[in-house]
*Asks:* 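Please read through the structure below; I'll follow up with questions.
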Amino acid sequence: MPTPAATPSALPSRLSLADRLLVAPEVGAALAARQPVVALESTLISHGLPYPQNVEVALASEAAVRESGAVPATVAIHGGRLLVGLDRAALETLATTPGVAKAARPSLAAALADGGWAATTVSATMIAAGAAGISVFATGGIGGVHRGAVGGGTGPTLDISSDLEELARTPLAVVCAGPKAILDLPLTLEYLETRGVPVVAVGTTEMPGFYSRRSGVPAPLSAPDEPAAARLVGTHLALGLGSGALVCVPVPAADELPLEVARPAVERAIADAGAARVEGPALTPWLLARVAELTGGASVRANTALIVNDARVAGRLAAALAR
Ligand code: PSU
Ligand code: MN
């Protein structure tokens with residue numbers, strides 16, 4: 001992969017999204033041959049998990065995609081370009097560089113104009129993947145409507161992740177283990193329904209709860225198995241409605257954080273974040289790190305396992321969609 005220059009003035013500001021895409025040769029070849037490709041995001045590497053679990057999970061996710069018969073394309077920003085497909089050195093850089101930026105749709109231009117390294121959230125990864133022609137993407141847990149976003153506690157914060165708007169306007173299948181457990185799950189589902197995003201749980205009629213297999217909240221749609229989920233998602237994408245589809249897969253049983261362990265840790269972390277006045281894009285990483293502390297690292301084990309599992313399922317979904 002060519003290494004782009006990292007000076008702010010390296011690229012003219014008028015460049016389009018397509019002009020700024022730098023697709024790795026293996027990914028480009030797979031797309032040209034209509035072979036299955038799975039996009040992976042990088043904010044979970046830079047902001048979501050501690051080192052060295054973050055780089056281990058990045059490599060394990062890529063391996064899981066390959067085992068499923070698809071080509072992985074981890075997305076990040078460097079030198080004013082959207083990189084689609086990273087080498088190992090790039091993954092290490094994202095995992096170890098302090099203060100790497102977190103780029104979402106609203107902060108995409110700032111990250112590109114800066115010229116340095118930035119990790120992409122679900123929204124920015126969907127933008128890059130969609131522009132590159134990739135139709136399946138795996139993450140850990142999507143962002144959503146934060147608790148207290150529309151009232152309660154200290155009043156409405158209106159903190160709603162740009163992930164939800166992206167799902168409404170970019171036609172990709174996104175595989176996750178449910179919206180992150182730190183969020184308001186019923187309100188997140190209401191938002192996705194309003195914005196026309198089908199949400200399908202695989203192998204269960206309940207929404208997967210991210211760290212936990214269960215959430216206690218019914219899933220809007222349910223598919224008994226992966227082929228059924230692939231048919232549903234394939235049908236949605238073929239209609240050309242413009243929105244993406246969310247596929248939710250429970251964390252593997254051996255690594256889950258039982259709901260009775262996860263729930264009090266999440267509630268305590270949210271209270272602590274309020275007391276520490278953490279807000280904006282810093283909130284989600286702060287809460288994930290706090291839950292990790294409160295559970296003695298058990299949440300990190302669940303988080304890494306669910307990310308790799310999602311990548312594996314996304315690979316199989318991409319293979320099914322390519323047939
Ligand atoms: N899944 C994880 N860990 C993470 C994320 C997803 O297991 O850290 C990241 C994704 O990049 C997602 C972001 O888009 O968290 C949501 O951030 P926010 O709530 O600030 O929109
Ligand atoms: Mn937010």
Side-chain angles (χ1 to χ4, degrees), residues 39-51 53-54 56-58 60-61 74-77 94-95 100-108 111 118-129 137-150 156-167 170 172 174-185 187-188 191-192 208-212 244 246 248-251 255-257 262 266 269-270 273 278-292 299-311 314:
L40 300 166
E41 57 131 324
S42 48
T43 295
L44 62 83
I45 305 171
S46 62
H47 291 71
L49 289 165
Y51 183 84
Q53 286 95 337
N54 56 0
E56 285 164 12
V57 85
S61 297
T74 306
V75 173
I77 288 168
L94 289 165
V100 92
K102 172 181 169 184
R105 176 178 277 269
S107 45
L108 183 59
T120 51
T121 66
V122 168
S123 66
T125 306
M126 287 180 75
I127 292 169
F137 163 38
T139 181
I142 59 155
V145 180
H146 279 268
R147 315 253 180 112
V150 293
T157 61
L158 219 61
D159 190 348
I160 301 172
S161 175
S162 58
D163 292 359
L164 300 186
E165 272 303 299
E166 207 57 51
L167 281 159
T170 303
L172 259 79
V174 178
V175 179
C176 71
K180 280 188 278 278
I182 56 170
L183 302 166
D184 188 318
L185 179 56
L187 289 188
T188 299
Y191 194 102
L192 289 168
F210 188 65
Y211 297 128
S212 316
L246 191 64
C248 301
V249 189
V251 58
D255 302 295
E256 80 160 333
L257 209 54
V266 163
I270 289 169
V278 186
E279 54 186 21
L283 179 59
T284 293
W286 196 95
L287 287 171
L288 295 177
R290 187 74 184 115
V291 171
S299 72
V300 173
R301 200 179 87 170
N303 203 348
T304 55
L306 68 87
I307 289 167
V308 177
N309 187 55
D310 293 345

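As the structure lists them, so they are numbered: ligands from 1, and atoms in each ligand from 1. The residues of the chain are indexed from 1 along the displayed sequence. The structure presented is a predicted model; accordingly, all values stated were derived computationally and were not measured.
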*Asks:* Using heavy-atom distances only, which candidate in Ile45, Thr284, Val57 approaches atom 18 (P) of ligand 1 most closely?
*Replies:* Thr284

*Asks:* Do ligand 1 and Lys102 have nitrogen or oxygen atoms that lie under 3.5 Å from each other?
*Replies:* yes

*Asks:* Under 3.5 Å, is there a donor-acceptor pair between the side chain of Ser42 and the main chain of Ala119?
*Replies:* no

*Asks:* Would you say ligand 1 has an N or O under 3.5 Å from any N or O of Phe210?
*Replies:* no

*Asks:* Among all protein heavy atoms, pick out the one at the shortest distance from atom 3 (N) of ligand 1; state its residue, atom name and that distance to 0.1 Å.
*Replies:* Leu44 CB, 3.7 Å

*Asks:* Considering only protein heavy atoms, which is closest to atom 12 (C) of ligand 1, and at what distance to one decimal place?
*Replies:* Asp163 OD2, 3.4 Å

*Asks:* Show me which atoms of ligand 1 lie under 4.0 Å from any heavy atom of Ser161.
*Replies:* 18 (P), 21 (O)

*Asks:* Hey, is ligand 1 close enough to Glu41 that some N/O pair sits below 3.5 Å?
*Replies:* yes

*Asks:* Just distances here: any N/O of Gly141 and N/O of ligand 1 closer than 3.5 Å?
*Replies:* yes

*Asks:* Below 4.0 Å, non-hydrogen atoms only: which portion of Leu288 touches ligand 1? Side chain, backbone, both or neither.
*Replies:* side chain

*Asks:* Do Arg105 and Glu166 sit within salt-bridge range, that is, some charged N less than 4.0 Å from a carboxylate O?
*Replies:* yes

*Asks:* What protein heavy atom sits nearest atom 15 (O) of ligand 1, and how far off is it?
*Replies:* Lys180 NZ, 2.8 Å

*Asks:* So is there a nitrogen or oxygen of Thr120 less than 3.5 Å from a nitrogen or oxygen in ligand 1?
*Replies:* no

*Asks:* Work out whether the distance between some heavy atom of His47 and some atom of ligand 1 is less than 4.0 Å.
*Replies:* no

*Asks:* Looking at Asp159, pick out the N, O or S atom nearest to the Mn ion (ligand 2) and give its name.
*Replies:* OD1

*Asks:* Heavy atoms only, cut-off 4.0 Å: how does Asn303 contact ligand 1, side chain, backbone, both, or neither?
*Replies:* side chain

*Asks:* With a sphere of 6.0 Å drawn around CD of Glu279, does it hold more than 12 non-hydrogen atoms of other residues, nucleotides or ligands?
*Replies:* no

